[in-house]
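Accompanying notes for the structure given below.
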Protein chains: 2
Amino acid sequence: MPTKCFIRGVIGSYTLFMVVRLKDIAAELGVSVVTVSRALRNRPDIAEETKAKILERVKRLNYRPNLTARSLVTGRSSLIGLVVPDLIHPFFGEIAKGLSNKLREKEYYLLVSSSESDPDLEQNEVEHMLAHHLDCFVVASCRKDTDSLRRISEAGVPLVLVDRSFPGFRSNFVGVDDVKVGELATEHLIAQGCKRIAHIRGPVTSIGDARVEGYRNALQRHRIKFAANYVVACGEASDSDGETRGRRAMEEILALKPRPDGLFCFNDTIALGAMERALEAGLRIPQNMAVVGCGNFHYSSKLRVPLSSVDQKSREIGERAAKMIMALLEKPPSARSRSVILEPELIVRESSKLK
Amino acid sequence: MPTKCFIRGVIGSYTLFMVVRLKDIAAELGVSVVTVSRALRNRPDIAEETKAKILERVKRLNYRPNLTARSLVTGRSSLIGLVVPDLIHPFFGEIAKGLSNKLREKEYYLLVSSSESDPDLEQNEVEHMLAHHLDCFVVASCRKDTDSLRRISEAGVPLVLVDRSFPGFRSNFVGVDDVKVGELATEHLIAQGCKRIAHIRGPVTSIGDARVEGYRNALQRHRIKFAANYVVACGEASDSDGETRGRRAMEEILALKPRPDGLFCFNDTIALGAMERALEAGLRIPQNMAVVGCGNFHYSSKLRVPLSSVDQKSREIGERAAKMIMALLEKPPSARSRSVILEPELIVRESSKLK
DNA sequence: CGGTTTTTCGTTATCGTTTACGAAAACCGC
DNA sequence: GCGGTTTTCGTAAACGATAACGAAAAACCG
């Protein structure tokens with residue numbers, strides 16, 4: 001139990017702690033609370049001499065301002081909310097790390113919520129987090145609609161979308177060009193000599209659709225005819241983990257006649273499951289089927305068959321989002337929203353190396 | 001910019017938002033602020049009729065209490081601080097997830113800090129987080145000393161250590177029995193017929209030492225003589241990533257005469273690096289060298305050679321820590337500290353399957 | 001029906017800080 | 001020395017909620 005006093009030490013088995021407030025320092029030095037506050041925030045209207053005196057005492061007493069109280073009056077909490085579908089997921093983990101490292105510079109802290117890919121949970125979490133009066137939200141929404149995003153906007157809290165944007169919903173955004181992602185992967189498979197390229201697509205969202213679009217663009221550019229049954233769906237992240245979804249999708253692909261000789265997967269986890277299933281079925285990768293994933297998760301290079309993957313620049317997404325937040329919070333009334341679209345990068349490994 | 005008013009709508013390109021306060025609801029219904037507060041917190045001293053009336057209005061206006069203000073007066077912030085060396089690390093990621101999911105039930109939120117395995121940064125982060133007046137800290141410290149932990153205790157904030165405890169520093173703790181971890185891995189290698197078992201040890205901390213102790217215990221139990229040069233160090237997490245550290249350690253191991261036929265690694269990432277290096281050197285795993293890691297990271301089963309690993313129950317650690325926090329915060333003055341020691345579990349895969 | 005208890009609700013103070021404003025002190029030029 | 005700045009500091013009022021206390025209203029009881 002923190003006690004407000006200047007005694008510090010052990011009495012019996014109880015330890016008394018001091019919780020120093022502005023008031024205490026002011027009283028000790030015989031100045032007013034406001035003067036101490038001014039010294040701490042480096043305000044101009046204070047004499048150098050008194051400032052030095054105060055800062056010395058502040059340091060000696062190990063004073064730390066109560067940010068809760070400050071927040072109440074200034075309306076700034078120095079807290080940023082991060083809402084992602086899954087904290088364990090390497091992609092979002094990297095984003096969190098990029099964010100956190102950059103935000104640290106300005107002493108912002110991250111309040112995280114892992115929505116477990118459950119739309120209702122996400123909405124609920126946003127609702128609760130709003131009560132904490134965060135300075136800004138960073139969201140990779142797992143919802144089909146924009147309900148949770150709108151709640152944030154309605155509350156007047158700045159918002160940065162990462163990874164997924166929502167057509168029709170104006171907002172700041174940081175992510176990669178997903179059409180380019182699809183093109184990069186597919187062009188590569190074509191260049192490797194694949195003739196029949198399948199795609200395990202992601203959910204029906206802006207991202208999933210954009211990747212399919214890129215996939216089609218590349219095929220068209222090389223006059224390969226698009227076959228609808230070569231694009232197989234594998235459900236949502238909320239259905240089951242990516243790996244089993246990848247396995248199931250591979251079942252379908254194995255049944256296709258003629259069998260595809262190239263495969264572009266929505267992400268590395270799905271690719272992993274698909275590859276495992278294909279290997280079990282006796283296929284050799286890449287000889288019988290070249291595979292490219294997406295996300296370049298850090299373990300993708302260590303797999304049974306090291307996986308080619310399109311890097312989504314997750315760390316950079318986090319860092320750029322952090323920069324955007326800082327800009328947003330420094331000069332608040334910038335009505336129009338900004339977008340940062342990063343270029344994806346293909347990393348080639350054994351799973352698609354045919355030449 | 002949130003405006004305090006009851007107008008809501010679009011004027012030109014500006015949207016006005018309402019920030020509803022207790023005061024507003026009270027004014028609308030002609031009751032006092034305290035009455036509304038009581039209704040919201042389900043206090044007994046309020047008539048059912050007025051309560052219903054208030055709750056209806058609260059719902060209709062979409063009121064959310066300002067937790068910052070509440071926190072200031074109650075001294076409870078509903079925020080839990082999580083300090084880990086690395087957010088991306090699957091082990092800590094799982095802990096974060098376990099914590100977050102459990103804490104959600106009581107509407108606690110997680111403020112995270114990834115210290116990047118930098119002791120100074122950790123200290124700094126703790127210092128700053130203290131200013132936010134969190135209700136409790138969960139820490140996996142990367143420091144050699146207990147300085148950051150002591151700062152938390154001195155501030156009178158409840159503390160739960162996870163993964164690593166510090167002998168001599170009394171505190172709540174949730175983790176696995178690390179001596180058992182070492183025993184489990186080593187006993188298994190012995191049972192598989194390994195005669196010369198090496199160990200890539202972790203940093204010189206309670207954990208690293210305990211695992212070595214378990215390793216020695218198992219050897220002794222089977223009358224295998226302990227050779228000091230079979231225990232190779234690989235530096236600290238802050239030096240470089242586990243994988244390259246594992247590779248470097250394997251260099252040393254490959255130079256040992258006679259060459260070990262079994263290897264127990266401090267964690268899966270190190271094991272991964274070590275295995276990669278061994279494979280490059282032409283060794284076959286497990287035939288020439290059986291390998292067991294620790295942590296059972298979710299990708300360990302998907303590696304080139306699926307890796308046997310001692311599961312550290314990371315998710316459960318998070319959940320148990322969450323439970324402990326709730327207990328701590330409900331009945332505060334429990335002076336003595338509690339420990340939860342979980343049993344590790346060995347998961348056998350190809351990397352060590354000899355029989 | 002008076003007195004006591006119980007229920008219900010309002011008043012006031014408080015949490016630790018910042019903002020707005022104004023007063024005193026110091027400085028300045030003439 | 002006297003008006004007018006400028007510097008330095010203090011007072012008072014927030015911020016949005018809860019805690020402690022007490023008063024009015026209602027209910028109960030003999």
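Chain letters run A, B, ... following the sequence lines, proteins first and then strands; every chain starts at 1. Computed from heavy atoms alone, side chains included, the values below leave out hydrogens, waters and symmetry copies.
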Do [Y] and [X] meet the salt-bridge criterion of a basic N to acidic O distance under 4.0 Å?
X: A/Glu28; Y: A/Lys23; answer: no
X: A/Glu94; Y: A/Lys97; answer: no
X: B/Glu56; Y: B/Arg60; answer: yes

Phosphate contact ([N] OP1 or OP2) by [X] side-chain N/O below 4.0 Å:
X: A/Ser71; N: C/dT17; result: no
X: B/Arg43; N: C/dC9; result: no
X: A/Thr74; N: C/dT18; result: no
X: B/Thr50; N: C/dC9; result: yes
X: A/Arg70; N: C/dG16; result: no
X: A/Tyr63; N: C/dG16; result: no

Relative to the 5' end of DNA chain C, which residue comes earlier, B/His133 or B/Ile46, by the nucleotide with the nearest heavy atom? B/Ile46
Between A/Asp45 and B/Arg38, just flag the one whose closest nucleotide in DNA chain C comes earlier from the 5' side. B/Arg38
[atom1] of [X] versus [atom2] of [N]: gap in Å, rounded?
X: A/Leu40; N: C/dG16; atom1: CG; atom2: C1'; answer: 13 Å
X: B/Leu22; N: D/dA17; atom1: CG; atom2: P; answer: 4 Å
X: A/Arg41; N: C/dT19; atom1: CZ; atom2: C1'; answer: 8 Å
X: B/Arg21; N: D/dC15; atom1: CZ; atom2: P; answer: 7 Å
X: A/Asp24; N: C/dT17; atom1: CG; atom2: C1'; answer: 13 Å
X: B/Leu130; N: C/dG16; atom1: CG; atom2: P; answer: 16 Å
X: B/Ile25; N: D/dG16; atom1: CD1; atom2: P; answer: 13 Å
X: A/Leu72; N: D/dA17; atom1: CG; atom2: C1'; answer: 8 Å

Parallel, tilted or perpendicular: rings of A/His128 and B/Tyr109 (30°, 60°): tilted
Nearest-nucleotide 5' precedence on DNA chain D, A/Val33 against B/Ser37: A/Val33
If D/dG30 has a Watson-Crick or G-U wobble mate with both distances under 3.5 Å, name it; if not, just say none. C/dC1
Taking C/dG10, D/dC15, C/dT19 as options, the one with an atom nearest any side-chain atom of B/Val31 is C/dG10
Taking the side chain of B/Val73 as heavy atoms from C-beta outward, which of D/dC9, D/dA17, D/dA20 is closest to it? D/dA17
Of B/Val160, B/Leu111, B/Leu134, B/Val138, the residue whose pairing with B/Ile80 passes side-chain contact (heavy atoms from CB on, under 4.5 Å): B/Val138
